[in-house]
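Because only heavy atoms are used, hydrogens play no part in the values below, and waters and symmetry mates are left out as well, while side chains stay in. Numbered from 1 within each chain, the chains take letters A, B, ... in sequence-line order.
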Amino acid sequence: MPKSTRQSQRTITHWLMKTEPDVFSIFDLEAAPNRSTCWDGVRNYQARNFMRDQMRVGDPILVYHSNAQPSCVVGVAHVSAAAYPDHTAFDPQDPHYDPKSKLESPTWFMVDIQLDWIFEVSLSLEMLRSVAGLEKMELLRKGSRLSVQPVSKGEFQTIVKRGGKRA
DNA sequence: GCCAACGTTGGC
DNA sequence: GCCAACGTTGGC
């Protein structure tokens, strides 16, 4: 997409973001200053484009624990800062270092997210597969690997309703 | 640990 | 531009 039209028509307003709880869990997010963090380390172009070109401050996010036992949607956050360059790509010591990302023309971007609430009930993939209205959800597609992905408003509301709010 | 499904790389 | 080889993600 040409730069001039990158941000023209916005079609997505709700999101799901994956994190491995062994690396950074929703409880780490809860414990972070201001219950917020920069979402660094995304190294996939489609996911980057979503963050850079579509996400806006305030957009709601489902937080998903991948590589967990079982993997679950665990709570709700929102975008608290729009996309800016991911500095971890510039640092040779960082595991997410990428030499092709230059200070003057960064390849990788990140947003900040802030926790809203943790679900009373974690929602596993197995459970979500049985919920009416989620048949087309990207997360439930076989082979789905996108770490930042769109969620429809309906899907979002259905999931939030099931999750409840932890006391 | 296995392996399917993807994304990226690089030879041609 | 094609595509085989390779690396990664992530459920199970």
Polar atom pairs between nucleotides 6-10 of chain B and protein, under 3.5 Å, N or O only, would you list them?
residue	atom	partner	partner atom	Å
B/dC6	OP1	A/Arg141	NH2	2.8
B/dC6	OP1	A/Lys142	O	3.4
B/dC6	N1	A/Arg145	NH1	3.3
B/dC6	O2	A/Arg145	NH1	2.1
B/dC6	O2	A/Arg145	NH2	3.3

Problem set entry | Positive for side chain to side chain contact (heavy atoms under 4.5 Å, CB included) with A/His14, one of A/Ser152, A/Pro150, A/Pro60 | A/Pro60
Problem set entry | Result of checking A/Val57, A/Thr37, A/Asn34 against A/Gln114 for side chain to side chain contact (heavy atoms under 4.5 Å, CB included) | A/Asn34
Atom-to-atom span, [atom1] of [X] to [atom2] of [N] - whole angstrom:
| X | N | atom1 | atom2 | answer |
| --- | --- | --- | --- | --- |
| A/Leu139 | C/dC12 | CG | P | 10 Å |
| A/Gln69 | B/dG1 | CD | P | 14 Å |
| A/Lys18 | B/dA5 | NZ | C1' | 11 Å |
| A/Gln149 | B/dA5 | CD | C1' | 15 Å |

Exercise. Can you name the residues that form a side chain to side chain contact (heavy atoms under 4.5 Å, CB included) with A/Ser122, not counting sequence neighbours?
Worked result: A/Cys72, A/Val74
Problem set entry | Pairing of A/Arg141 and A/Glu138 as salt bridge, 4.0 angstrom limit | yes
Exercise. Hey, quick one: are A/Val151 and A/Ile12 part of the same hydrophobic cluster, counting side-chain heavy atoms closer than 4.5 Å, chains of contacts allowed?
Worked result: no
Seminar exercise, completed: Besides A/Trp108, the hydrophobic cluster formed by Ile, Leu, Val, Met, Phe, Trp and Tyr side chains linked at under 4.5 Å, directly or via other members, contains A/Tyr45
